[in-house]
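Data block below; observations after.
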Amino acid sequence: MQLIDIGANLTHDSFDHDREAVLQRAHAAGVAQLVVTGASREHSPRALALAQAHPGVLFATAGVHPHHASEYTAECDAEMRALLAHDAVVAVGECGLDYFRDFSPRPAQRRAFELQLQSAVDLAVDGAGKPVFLHQRDAHADFMAIMKQFEGRLGPAVVHCFTGTREELFDYLDQDWHIGITGWLCDERRGRHLRELVRSIPANRLMIETDAPYLLPRTVKPAPSHRRNEPMYLAHIVAELARDRGEEVETTARAATAATRAFFRLF
Ligand SMILES: [Zn+2]
């Protein structure tokens with residue numbers, strides 16, 4: 001079984017002391033490739049450096065998360081575009097809107113989101129826009145409105161760490177976007193609705209991710225004492241996901257891996 005983690009925050013400082021061991025454990029658990037999330041001006045260059053140090057295994061995104069939208073200056077935009085020109089940077093993002101925490105003012109979030117989508121359009125390869133790795137929380141209407149401005153000009157899009165409602169899910173699927181599922185699925189308090197919703201995601205639109213070090217699946221037993229999530233737990237997430245979809249785990253895993261390779265062009 002070959003798995004691909006499309007969202008691992010491996011530049012996070014909680015991995016500084018044992019990053020190579022984390023990668024070895026992931027490999028042993030069947031995680032063949034990982035996309036390292038770039039989520040800030042500080043960490044996106046580090047995501048690229050990690051990918052370059054592990055060619056063919058690690059890839060990176062380059063972007064600024066809505067929490068950091070206030071730092072999205074013209075210089076930052078130029079830095080992100082320079083990162084996005086590298087082959088190892090396979091998507092723009094993560095970018096989007098987060099009105100749940102509002103760590104950056106909403107107008108700044110919208111502006112940073114629009115500028116990053118414009119980068120994805122401008123950096124098109126062979127006529128197809130660079131893939132976009134999207135974050136949306138409690139901002140669905142504004143998120144859809146901004147994406148609408150770019151309709152017909154963007155390449156493939158994934159709404160990562162989907163935790164939303166049935167209506168939101170179908171809005172995304174109607175646009176032919178991909179859906180990233182994390183261990184949120186395993187949260188009996190907040191994620192129960194996902195158990196049924198994941199059955200509605202077509203196999204060629206479904207991708208899997210840990211969002212490590214965040215979102216340790218609550219059903220991992222025994223839970224590690226430090227509560228840090230790791231890419232090796234992707235194997236646990238796909239098993240839970242397959243059960244909810246009424247599929248063999250190999251079926252879910254194979255489809256997610258194929259969808260991921262096509263989406264990010266990991267050949
Ligand atoms: Zn996110």
Side-chain angles (χ1 to χ4, degrees), residues 4-15 34-44 46-47 59-72 80 83 89-104 106 108-110 112-117 119-120 130-140 142-144 146-147 154 156-165 168-169 171-172 177-187 190-191 194 197-198 201 205-217 228-231 233-234 237 260 263-264:
I4 304 176
D5 188 346
I6 69 157
N9 300 280
L10 285 182
T11 64
H12 193 274
D13 55 15
S14 67
F15 293 120
L34 304 90
V35 182
V36 181
T37 310
S40 68
R41 194 174 178 181
E42 182 188 353
H43 282 265
S44 287
R46 295 190 201 171
F59 301 87
T61 70
V64 173
H65 189 285
H67 290 348
H68 299 281
S70 300
E71 70 187 33
Y72 207 89
M80 291 302 136
L83 293 174
V89 178
V90 292
V92 177
E94 77 176 281
C95 60
L97 301 174
D98 193 314
Y99 293 176
F100 179 69
R101 298 212 190 269
D102 279 326
F103 285 157
S104 281
R106 293 179 182 185
Q109 290 190 37
R110 290 190 286 266
F113 186 27
E114 289 168 348
L115 287 168
Q116 290 179 87
L117 293 178
S119 295
K130 194 106 178 167
V132 290
F133 187 87
L134 305 169
H135 174 105
Q136 188 283 115
R137 195 157 179 209
D138 284 5
H140 182 68
D142 281 5
F143 178 85
M144 293 302 289
I146 288 174
M147 289 294 285
L154 288 171
V158 57
V159 181
H160 109 100
C161 192
F162 176 79
T163 60
T165 64
E168 291 174 2
L169 177 63
D171 280 351
Y172 302 153
W177 299 338
H178 289 62
I179 306 294
I181 293 292
T182 61
W184 191 283
L185 180 75
C186 308
D187 187 328
R190 304 181 295 179
L194 292 177
L197 279 188
V198 294
I201 304 172
R205 291 288 175 271
L206 177 62
M207 303 197 284
I208 52 176
E209 49 178 329
T210 58
D211 208 27
Y214 314 113
L215 302 182
L216 175 71
R228 184 186 69 175
N229 194 8
E230 282 191 25
Y233 295 128
L234 194 63
I237 294 169
T260 301
F263 182 94
F264 292 106

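These numbers come from a predicted model, not from an experiment. This chain uses plain numbering: 1 for the first residue, then up along the sequence. Order of listing sets the numbers, starting from 1, for every ligand and every atom in it.
A heavy-atom distance below 4.5 Å is found between the side chains of Glu168 and Gln136. Considering only heavy atoms from C-beta on, Ser119 stays 4.5 Å or farther from Lys130 through its side chain. No side-chain heavy atom of Asp142 sits under 4.5 Å from any side-chain heavy atom of Phe113.
When each of Arg110, Arg106, Arg137, His135 is paired with Leu97, the side-chain contact (heavy atoms from CB on, under 4.5 Å) condition holds for Arg110 and for no other.
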Checklist entry - For Tyr172 and His140, what are the C-alpha separation, side-chain angles and deciding distance, and is it a ring pair (Phe, Tyr, Trp, His ring centres under 6.0 Å)? => result CA-CA 10 Å; Tyr172 302 153; His140 182 68; 5.3 Å; yes
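Inside a sphere of radius 2.8 Å centred on the Zn ion (ligand 1), the protein N/O/S atoms present are Glu94 OE1, His135 ND1, His160 NE2.
With no hydrogens or angles considered, no side-chain donor-acceptor pair links Asn229 and Thr210 at under 3.5 Å.
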